[in-house]
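All values reported here derive from a predicted model rather than from experimental measurement.
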Amino acid sequence: SPWQDAKVETKTETQDTSFTFTKSFAANMLGQSEEIPGRSLTRTVIATSLNGYLTKNAYGKQAKRAEIIVLATSIDQAIIDSIEETLRSCFHTRNIRYASFTGPCYHAIQKLYPHEKDFLVLLVTKESTDILSVKRGHLVDAGSAADGSHAFKAGTAGASALSGKLHEL
């Protein structure tokens with residue numbers, strides 16, 4: 001979405017001798033997140049590779065090389081505050097959590113089409129288009145274009161901005 005920034009990054013750790021991949025080891029690889037004034041930041045590990053192989057249950061396994069793919073999303077705090085205010089005025093709720101479309105979509109498409117390793121996912125709404133790029137089964141980039149279905153309806157002139165965003169990925 002245009003109001004949310006998404007970034008995919010890979011953190012890698014290589015050692016000469018084998019090590020046990022643990023939750024604390026992964027947390028150390030992840031490191032501290034940067035504070036962004038006025039924005040709420042969420043980081044999620046969406047995939048782990050040990051010795052070059054995508055590993056679903058990596059904790060407790062031995063490796064010489066570990067990679068974690070991290071999805072970092074941030075949203076303007078003023079938008080969060082507005083959403084919370086609206087939800088609280090309609091429902092009696094206190095615990096509101098936010099989730100990016102990118103992570104759940106990536107995992108859902110992987111489960112639906114496990115044989116597909118390279119693909120793009122486009123979520124086209126009226127206002128914007130969210131784009132996920134997956135290569136060799138790993139999410140490598142995510143982004144958003146401010147053009148939605150109206151760009152496709154407008155023809156080639158309207159879709160050129162979206163085409164530019166696709167080329168960036």
Mind checking whether [X] and [Y] have side chains closer than 4.5 Å, heavy atoms only?
X	Y	answer
H138	L54	yes
N28	L30	no
T12	R65	yes
T14	K64	no
V70	K11	yes

Could you state the interatomic distance from [atom1] ([X]) to [atom2] ([Y]), rounded to the nearest 0.5 Å?
X	Y	atom1	atom2	answer
Y106	L132	OH	CG	9.5 Å
E13	F25	CD	CZ	4.5 Å
I68	T10	CD1	OG1	9.0 Å
E9	R43	CD	CZ	6.5 Å
M29	E67	CE	CD	7.5 Å
L123	T125	CG	OG1	6.0 Å

Query - Check ion pair R39-D5 (N to O, under 4.0 angstrom) - result: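 Salt bridge: yes.
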Query raised in the report: Please walk me through it: do S74 and K7 pass side-chain contact (heavy atoms from CB on, under 4.5 Å)?
Result: CA-CA 9 Å; S74 69; K7 179 181 176 186; over 6 Å; no
Query raised in the report: Does the S82 side chain pair with the main chain of A78, one donor and one acceptor, at a distance under 3.5 Å?
Result: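 Here the side-chain-to-backbone pair does not exist.
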Query raised in the report: Backbone N or O of S133 within a donor-acceptor pair of the D141 side chain at under 3.5 Å?
Result: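 Checked: no pair found.
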Does [atom1] in [X] sit with more than 12 non-hydrogen atoms of other residues, nucleotides or ligands closer than 6.0 Å?
X	atom1	result
H92	NE2	no
Y53	OH	no
E85	CD	no

Query raised in the report: Closest approach of V8 and A142, non-hydrogen atoms and distance?
Result: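 Smallest heavy-atom distance, with atoms named: CG2-N, 4.1 Å.
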**Report entry** Residue pair G103 / L71: nearest heavy atoms and the distance that separates them
**Finding:**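 What the structure gives for the nearest pair is N-CD2, 3.6 Å.
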Query - Test side-chain contact (heavy atoms from CB on, under 4.5 Å) applied to A58 - qualifying residues, sequence neighbours left out - result: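 Counting only residues at least two positions away or on another chain, A58 forms a side-chain contact (heavy atoms from CB on, under 4.5 Å) with F21, T48, L50, T55.
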Query raised in the report: How would you list, by chain and number, every residue that makes a side-chain contact (heavy atoms from CB on, under 4.5 Å) with I79, sequence neighbours excluded?
Result: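 By the side-chain contact (heavy atoms from CB on, under 4.5 Å) rule, I79 matches W3, I75, D76, I83.
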Query raised in the report: Passes side chain to side chain donor-acceptor pair (under 3.5 Å), S24 versus T22? Steps please.
Result: CA-CA 5 Å; S24 63; T22 62; 3.2 Å; yes
Query raised in the report: Quick one: do Y59 and F19 end up in the same hydrophobic cluster if we chain Ile, Leu, Val, Met, Phe, Trp and Tyr together by side-chain heavy atoms under 4.5 Å apart?
Result: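 As far as the 4.5 Å side-chain criterion goes, F19 and Y59 are connected within one cluster.
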Requested in this report: Assess whether side-chain contact (heavy atoms from CB on, under 4.5 Å) is satisfied between I46 and H107, documenting all intermediate values.
Outcome: CA-CA 8 Å; I46 56 171; H107 288 299; 3.9 Å; yes
Report task. Scan V134, I131, T102, I109 and name whichever one has a side chain to side chain contact (heavy atoms under 4.5 Å, CB included) with V121. Result ->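 So the option named by the test is I109.
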Requested in this report: Determine, step by step, whether T20 and K61 satisfy the side-chain contact (heavy atoms from CB on, under 4.5 Å) criterion, reporting the C-alpha distance in whole Å, the side-chain angles of both residues, the deciding distance to 0.1 Å, and the verdict.
Outcome: CA-CA 6 Å; T20 303; K61 295 189 176 154; over 6 Å; no
